[in-house]
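Chain naming here is simple, since letters A, B, ... match the order of the sequence lines and numbering starts at 1 in each.
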There are 2 protein chains.
Amino acid sequence: MTFNLDRNRGELNYPPQPALDRIANMGVFDTSCEGHQLLEKIANKWTILIIYALTQGKKRYTGLKQQIVDISPKMLVQNLRNLERSGLIERKVFPSVPPRVEYSLTPLGESLAEPLAVLGEWAYQHIKDVNLAIEKYDNNSKSEDFWEPK
Amino acid sequence: MTFNLDRNRGELNYPPQPALDRIANMGVFDTSCEGHQLLEKIANKWTILIIYALTQGKKRYTGLKQQIVDISPKMLVQNLRNLERSGLIERKVFPSVPPRVEYSLTPLGESLAEPLAVLGEWAYQHIKDVNLAIEKYDNNSKSEDFWEPK
DNA sequence: CTGTATCCGCTTTGATACTG
DNA sequence: CAGTATCAAAGCGGATACAG
């Protein structure tokens with residue numbers, strides 16, 4: 001898939017989007033390409049929480065499980081393995097009794113922290129706007145139902 | 001959930017993460033909070049593609065459907081409605097025959113373009129690293145299977 | 001043209017119990 | 001402690017067919 005890049009920005013007067021321009025033809029926004037698939041992997045719920053937790057430093061399995069509330073052992077391990085496989089985190093096993101496993105970010109994983117933070121920051125800054133919009137939208141639909149003329 | 005913010009960054013010598021520090025206590029990384037739920041909504045596959053398509057300007061239903069290959073009418077409408085409800089896009093209906101509907105980003109939607117672009121850029125820049133890591137990881141598991149001594 | 005409605009399979013996820 | 005195994009539940013998502 002390729003995007004046609006003609007921009008009919010007519011009455012929409014918004015500021016230029018340098019980053020968007022830069023990646024316009026990278027294909028990251030094409031579902032079928034590797035870039036987008038990577039994007040989907042890292043943009044998931046647990047990944048974000050795990051990466052963030054590990055930016056605080058290396059952690060052990062139980063530490064992560066406690067910090068990330070409501071994650072089941074299955075999901076935790078599954079995501080840890082995926083992240084390890086993708087080279088974003090490192091898994092260090094100490095053959096002791098009881099066993100001890102330490103997880104930490106690789107440099108690659110660290111490089112992802114900032115972009116994720118940017119996204120998180122956007123979310124935090126705009127929760128109210130979004131909630132307001134939702135409320136408005138829902139009220140409108142409701143009044144339509146009630147006031148349908150005759 | 002609150003994160004304890006002691007950082008035992010010991011041997012991990014990575015650069016400071018200003019953005020992370022800023023959002024450390026915002027709670028965006030807590031699954032149960034509004035911020036994180038918003039994050040999950042916008043980080044999904046189709047949302048990203050739709051937002052991106054609309055940064056090119058307003059588009060009609062069919063235009064979006066053609067640009068975003070392999071999206072079913074169901075998913076397209078579903079996501080358009082969600083984005084409209086959240087105040088990220090605007091839906092303008094022209095009561096003509098045949099019907100005409102134009103979708104465009106709201107200012108709020110536009111503000112999301114840049115963060116998404118940053119994430120996309122990261123993905124594009126690191127596909128090779130990740131693929132390399134995956135290959136390495138998979139090879140290691142394989143050789144372990146074969147060479148298990150006696 | 002711009003959707004809506006329905007069915008249905010398949011993956012994802014959750015809960016829980018168990019093991020080295 | 002650090003997982004694995006198993007089963008069931010839920011929800012996405014695709015493929016139509018059709019309507020205003």
For [X], all residues meeting side-chain hydrogen bond (donor to acceptor under 3.5 Å, both in side chains), sequence neighbours excluded:
| X | result |
| --- | --- |
| B/Gln125 | none |
| B/His36 | none |
| B/Thr47 | B/Asn44 |

Non-neighbouring partners of A/Arg85 that pass salt bridge (charged side-chain N to carboxylate O under 4.0 Å, His left out), sequence neighbours left out: B/Asp138
Any residue meeting salt bridge (charged side-chain N to carboxylate O under 4.0 Å, His left out) with B/Arg100, in chain and number order, not counting sequence neighbours: B/Glu102
Student check: side-chain heavy atoms of B/Glu84 and A/Tyr137 closer than 4.5 Å: yes
A/Tyr61 vs A/Leu64 side-chain heavy atoms within contact, under 4.5 Å: no
Axis bend over the full length of the helix from C/dC1-D/dG20 to C/dG20-D/dC1, computed from five pairs that close each end, to 10 degrees: 50°
Any donor-acceptor pair under 3.5 Å from B/Ser86 side chain to B/Leu88 backbone: no
Under 3.5 Å donor-acceptor, A/Thr106 side chain and A/Gly87 backbone: yes
Could you give the [atom1]-to-[atom2] distance, from [X] to [N], as a whole number of Å?
| X | N | atom1 | atom2 | answer |
| --- | --- | --- | --- | --- |
| B/Asn79 | D/dC12 | CG | C1' | 11 Å |
| A/Phe94 | D/dG3 | CZ | P | 13 Å |
| B/Asn44 | D/dG11 | CG | C1' | 13 Å |
| A/Leu64 | D/dA2 | CG | C1' | 12 Å |
| A/Leu76 | D/dG3 | CG | P | 8 Å |

Interface limits on DNA chain C, where chain A has a heavy atom under 4.0 Å of a nucleotide atom: C/dT13 to C/dG20
Sugar-phosphate, base or nothing in reach of B/Tyr103, heavy atoms under 4.0 Å: sugar-phosphate
Contact list for residues 37-47 of chain B, test salt bridge (Lys or Arg N to Asp or Glu O under 4.0 Å), sequence neighbours left out: none
Residue from A/Gln66, A/Lys59, A/Arg60 passing side chain to side chain contact (heavy atoms under 4.5 Å, CB included) with A/Thr62: A/Gln66
A/Arg60 vs D/dA2: side-chain N/O to OP1/OP2 distance below 4.0 Å: yes
Phosphate OP1/OP2 of D/dT4 contacted by A/Tyr61 side-chain N/O (<4.0 Å): no
Side-chain polar contacts of residues 70-83 of chain A - donor-acceptor pairs under 3.5 angstrom, sequence neighbours left out - could you list them?
{"residue": "A/Ser72", "atom": "OG", "partner": "A/Met75", "partner atom": "N", "Å": "3.3"}
{"residue": "A/Asn79", "atom": "ND2", "partner": "A/Met75", "partner atom": "O", "Å": "2.7"}

Contacts of A/Trp122 that satisfy ring pair (Phe, Tyr, Trp, His ring centres under 6.0 Å) - sequence neighbours left out: A/His126
Which pairs, protein N/O on one side and nucleotides 14-17 of chain D N/O on the other, fall under 3.5 Å?
{"residue": "D/dG14", "atom": "O6", "partner": "B/Lys74", "partner atom": "NZ", "Å": "2.5"}

Can you pull every protein N or O that's under 3.5 Å from an N or O on nucleotides 18-20 of chain D?
none

